[in-house]
Structures are given as structure tokens and as C-alpha cells.
A.B. asks: 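Before we start, here is the structure in question, set down as C-alpha cells.
Computed from a predicted structure; not experimentally measured.
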Amino acid sequence: MLYATLCTRGVVVAVLMCASAAGSSPLSDGRLSSFDAAPMYHAAPRSGVMPMRLRGGMADSAAQMAEIRARRAKEYEAMKEQRADSQARQKAEEASYDGAQRSWTHSSGTLDAKTIGTKAEDMAIGDARAFYKGKEVTYLRNKNTGMVIELMHASEGWIQFCALEGGMLKQISKNGLLMDVNRWYGPGLLEQVKSNPLKTSLIPTAGLTFGPWTCTPQGKQIAISHRDDPSKALLLTQEGFVFVDHGSTRGLSVDSFGATKYITTDEAERLLSAA
């Protein structure tokens, strides 16, 4: 029997090895002892001492961490360059905007307890708007006048708007009729949009789609239409909007002072030409 004790990095390893002159120690029946089949290792790490790593050492670990940090720093710099390049292209495009594109911003979100409720008032139990939880809503806001238009993605063609900050909330039905309403569908989201303009973006020249609504810049206006009824259009101007129903002779105009009135389609065309 040979006992050997090794001490490496504070870890005591006792190795028990059995060997005969022929390199084995047979039992009385001729079988090899289990001690001969494989050495036995007993590790007893000292308190507070790191066990020895099977591969590599502290130097290897430090080199690996340095390599990881260098790779992450390189990836971060590449991401910064891409973001800066994207922002530069966006600013260059926005510099070419004219009319309504300079004034109207957009922001979308999902209706839930936080976006239906506000800081001053939580969403009430039994609130009818809970029916729309999980649905999307988009707010268009004129950054010059404060006018707001609400586009529900579950809408069949109606919209809600407020011409002035703190003014009366109104709805234009899918048939083009004007009526008073008493609340937004996502006042909490609108509150966030007003308090943080960074949540909003201008409408690009390529246009955008919000659920069934399509927003497309046309000259100095932005045309908004619903996929179920393209004969009706909401045309945003730099400070207000004009609603046009091409299936009839009726239209509607809203200016920057909040004045809302019915007009004919011919009058609507003249207003848009002058805008």
C-alpha cells in the first residue's frame, strides 16, 4: 500500500493507491481489488479558499473576461454608430417635411387599466371601456395647437377629437355626423403623450398604417382613411383638419381656434387648396 498526499492551491488531496509488485493486488479469489481499478481522491477545501479549476487558471479567466469586455464594447460602439446614422437620416428626412407633416405627431398603445386610467383617477370597476382592453389606439397630436385626434383600431370608421387643450371632446361618426362625447378611450396614454413628447414621432413621407387606418402625406396635407370606407377622408392641415365625404356633398372643417362647422365638399376643396 502506498499513501501519497498532494497539496495544490490550498486543496488537500489524499490519494490512496494499491499496488503489488506486478502492478495489481489480487484478492484471495483472484479478482482485482476495487482500489486497483481506480485511485480514490478525497478533496477537503479549506474555508474561504477557491477550489482548483479543472482547466485554465486565474490568468486564463482574466484574459477571457478582457476579451468579452472588448467584444461587448465593440458591439456597443457599432450599435451607437447605427443609431446615430439612423437618427441623422431621420432628421434629414424631417427637414424636407412641409405643412401638416411638420405639425402632427403620432403615438400608439394598448388599452389596459393603466392607459384607460389616469394619474388622478384609476380605471373604475365596471368601466364600459374595459370591453376594449387589449385593443390598440393611436393619438395624433398637433404640436403647435395641441389639437388631438383619437383613432381606435377597433373603430368601424368613427373618430374622436379635441380641437383645443381643455376643450370639448367630440366625435365624428362613420356617417360623418358630429356629436359631443364625454371621455377618451385611452386618457392615460394621452396623458403620457402630453407629458413626454419623446414618445411621439412625425408621420414619414412613406405613410403609416394604424390598424384599419391609413395615414398618407399628400402635398401639404396628411390624408387619413378607413379601409372599410375609403370614400371618406380626414385631411390634416398644418393647424387643423377637414373631413370630406366623397359619397355626398357634405364636409366638416375644424380650425386652430376650435371652430367646427359643416361645409360642402366644394368648400372643403377650396380650404385644402388654400391651406
A.B. asks: Are any of the side-chain heavy atoms of Lys143 and Leu202 separated by less than 4.5 Å?
C.D. replies: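 Sidechains of Leu202 and Lys143: in contact.
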A.B. asks: So if you build clusters from Ile, Leu, Val, Met, Phe, Trp, Tyr with side-chain heavy-atom gaps below 4.5 Å, do Leu169 and Leu111 land together?
C.D. replies: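 Yes, one cluster joins them.
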A.B. asks: Looking at Gly207 and Pro217, what are the two nearest heavy atoms and their distance?
C.D. replies: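 Closest heavy-atom pair between Gly207 and Pro217: CA-CD, 3.9 Å.
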A.B. asks: Rounded at 0.5 Å granularity, tell me how far CH2 in Trp213 sits from CD1 in Ile224.
C.D. replies: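 Output value for this atom pair is 8.0 Å.
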A.B. asks: Do side-chain atoms of Gln238 reach the backbone of Arg102 as a donor and acceptor pair under 3.5 angstrom?
C.D. replies: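 No, because the side chain of Gln238 does not come within donor-acceptor range (under 3.5 Å) of the backbone of Arg102.
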A.B. asks: Show the nearest heavy-atom pair for residues Gly240 and Asn142, with the distance to one decimal.
C.D. replies: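 Nearest heavy atoms, Gly240 then Asn142: N-ND2, 4.5 Å.
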A.B. asks: When rounded to the nearest 0.5 angstrom, what distance separates CG in Asp228 from NZ in Lys174?
C.D. replies: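 Result: 8.5 Å between the selected atoms.
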A.B. asks: Given the rule that I, L, V, M, F, W and Y join up when any side-chain heavy atoms are under 4.5 Å apart, are Met123 and Val137 in one cluster?
C.D. replies: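 Linked, Met123 and Val137 end up in one cluster.
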A.B. asks: Any side-chain heavy atom of Thr205 within less than 4.5 Å of one from Tyr97?
C.D. replies: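 A side-chain contact under 4.5 Å exists here.
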A.B. asks: Side chain to side chain contact (heavy atoms under 4.5 Å, CB included), that's the test. Do Thr138 and His153 meet it? Break it down for me.
C.D. replies: CA-CA 7 Å; Thr138 294; His153 295 198; 2.8 Å; yes
A.B. asks: Between Ile172 and Phe241, is any pair of side-chain heavy atoms under 4.5 Å apart?
C.D. replies: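 Yes, side chains in contact.
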A.B. asks: Taking Ser155's backbone N and O only, do any of them form a donor-acceptor pair with His226's side chain (distance below 3.5 Å, no angle check)?
C.D. replies: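 Answer holds: yes.
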A.B. asks: Checking Thr264 side chain against Arg250 main chain: does a donor-acceptor pair fall under 3.5 Å?
C.D. replies: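 Judged by distance alone, no pair lies under 3.5 Å.
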A.B. asks: Applying side chain to side chain contact (heavy atoms under 4.5 Å, CB included) to Ile149 and Tyr139, what does each step give before you reach the verdict?
C.D. replies: CA-CA 6 Å; Ile149 297 172; Tyr139 285 100; over 6 Å; no
A.B. asks: Considering residues at least two apart in sequence or located in another chain, which fulfil the side chain to side chain donor-acceptor pair (under 3.5 Å) criterion with Lys232?
C.D. replies: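 Residues passing side chain to side chain donor-acceptor pair (under 3.5 Å) with Lys232: Asp229.
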A.B. asks: Hey, is the main chain of Trp184 close enough, under 3.5 Å, to the side chain of Arg129 for a donor-acceptor pair?
C.D. replies: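 A pair under 3.5 Å: yes.
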A.B. asks: Taking C-beta and beyond as the side chain, do Ile222 and Thr216 meet within less than 4.5 Å on heavy atoms?
C.D. replies: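 With C-beta onward as the side chain, the pair stays apart.
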A.B. asks: Please say yes or no: joined through hydrophobic side-chain contacts below 4.5 Å, possibly via intermediate residues, are Leu252 and Ile159 part of one cluster?
C.D. replies: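 As far as the 4.5 Å side-chain criterion goes, Ile159 and Leu252 are connected within one cluster.
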A.B. asks: When rounded to the nearest 0.5 angstrom, what is the spacing between OH in Tyr132 and CD1 in Ile116?
C.D. replies: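 With rounding to 0.5 Å, OH (Tyr132) is 11.0 Å from CD1 (Ile116).
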A.B. asks: State whether the side chain of Thr115 and the backbone N or O of Thr110 hold a donor-acceptor pair below 3.5 Å, judged by distance alone.
C.D. replies: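 Such a contact is found between Thr115 side chain and Thr110 backbone.
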A.B. asks: Within the supplied structure, the quantity of interest is the number of heavy atoms (other residues, nucleotides, ligands) at a distance under 6.0 Å from Gln171 CD; does it exceed 12?
C.D. replies: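 Buried by this count: over 12 neighbours within 6.0 Å.
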A.B. asks: Just by distance, do the side chain of Gln221 and the backbone of Gly99 share a donor-acceptor pair under 3.5 Å?
C.D. replies: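 Not a single qualifying donor-acceptor pair exists.
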A.B. asks: For the residue pair Phe210 and His106, does the interplanar ring angle fall in the parallel (under 30°), tilted (30 to 60°) or perpendicular (over 60°) class?
C.D. replies: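 Answer is tilted, since the angle falls between 30° and 60°.
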A.B. asks: Measure the spacing between CZ of Phe243 and CD1 of Ile263 and express it to the nearest 0.5 Å.
C.D. replies: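 Here the interatomic distance stands at 10.5 Å.
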A.B. asks: Asp180: what forms a salt bridge (Lys or Arg N to Asp or Glu O under 4.0 Å) with it, not counting sequence neighbours?
C.D. replies: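 Expected list: Lys170.
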A.B. asks: Do Val181 and Trp158 sit in one hydrophobic cluster, given that two such residues count as connected whenever their side-chain heavy atoms are within less than 4.5 Å of each other, even indirectly?
C.D. replies: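 Same cluster.
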A.B. asks: In this structure, are over 12 heavy atoms from other groups packed under 6.0 Å from Tyr262 atom OH?
C.D. replies: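 Counting neighbours around OH of Tyr262, more than 12 heavy atoms of other residues, nucleotides or ligands fall under 6.0 Å, so yes.
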A.B. asks: I'd like to know if the side chain of Glu165 reaches the main chain of Met147, judged simply by a donor and an acceptor atom lying under 3.5 Å from each other, with no hydrogens or angles considered.
C.D. replies: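 Checked: no pair found.
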A.B. asks: Can a donor-acceptor pair be found, under 3.5 Å and without considering hydrogens, that links the side chain of Ser107 to the backbone of Lys199?
C.D. replies: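 Confirmed, Ser107 side chain pairs with Lys199 backbone.
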A.B. asks: Are Leu140 and Leu151 packed together at the side-chain level, in the sense that at least one heavy-atom pair is separated by less than 4.5 angstrom?
C.D. replies: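 Yes; the side chains approach each other to less than 4.5 Å.
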A.B. asks: For the pair Asp255 (side chain) and Ala259 (backbone), establish whether a donor and an acceptor sit closer than 3.5 Å, ignoring hydrogens and angles.
C.D. replies: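 Side chain of Asp255 to backbone of Ala259, a donor-acceptor pair under 3.5 Å: yes, one is there.
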A.B. asks: State the OG1-CG distance between Thr118 and Leu189, to the nearest 0.5 angstrom.
C.D. replies: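 One gets 12.5 Å once the value is rounded to the nearest 0.5 Å.
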A.B. asks: Decide if atom NZ of Lys194 counts as having more than 12 heavy atoms of other residues, nucleotides or ligands within a radius under 6.0 Å.
C.D. replies: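 Yes - once you tally the heavy atoms of other residues, nucleotides and ligands closer than 6.0 Å, there are more than 12.
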A.B. asks: Measure the spacing between CG of Leu198 and OG1 of Thr105 and express it to the nearest 0.5 Å.
C.D. replies: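 Between Leu198 CG and Thr105 OG1, I get 11.0 Å after rounding to 0.5 Å.
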A.B. asks: Please lay out, stage by stage, how Arg141 and Trp104 fare under the test side chain to side chain contact (heavy atoms under 4.5 Å, CB included).
C.D. replies: CA-CA 5 Å; Arg141 187 167 186 262; Trp104 289 91; 5.6 Å; no
A.B. asks: Salt bridge check: are Arg183 and Asp127 linked by an N-O gap of less than 4.0 Å?
C.D. replies: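 Counted as a salt bridge, because a side-chain N and a carboxylate O are separated by less than 4.0 Å.
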A.B. asks: Among all residues two or more places apart in sequence or in another chain, which pass the side chain to side chain donor-acceptor pair (under 3.5 Å) test with Lys220?
C.D. replies: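 Here no residue qualifies.
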A.B. asks: Return yes if some donor-acceptor pair links the side-chain N/O of Glu136 with the main-chain N/O of Gly211 below 3.5 Å, else return no.
C.D. replies: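 No, the answer is negative, given that no donor and acceptor are paired below the 3.5 Å cut-off.
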A.B. asks: Check whether more than 12 heavy atoms from other residues, nucleotides or ligands sit under 6.0 Å from atom CE of Met179, and answer yes or no.
C.D. replies: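 It does: Met179 CE has more than 12 such atoms within range.
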A.B. asks: Are the side chains of Phe161 and Leu178 in contact, using a 4.5 Å heavy-atom criterion?
C.D. replies: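 Of all side-chain heavy-atom pairs linking Phe161 with Leu178, at least one is under 4.5 Å.
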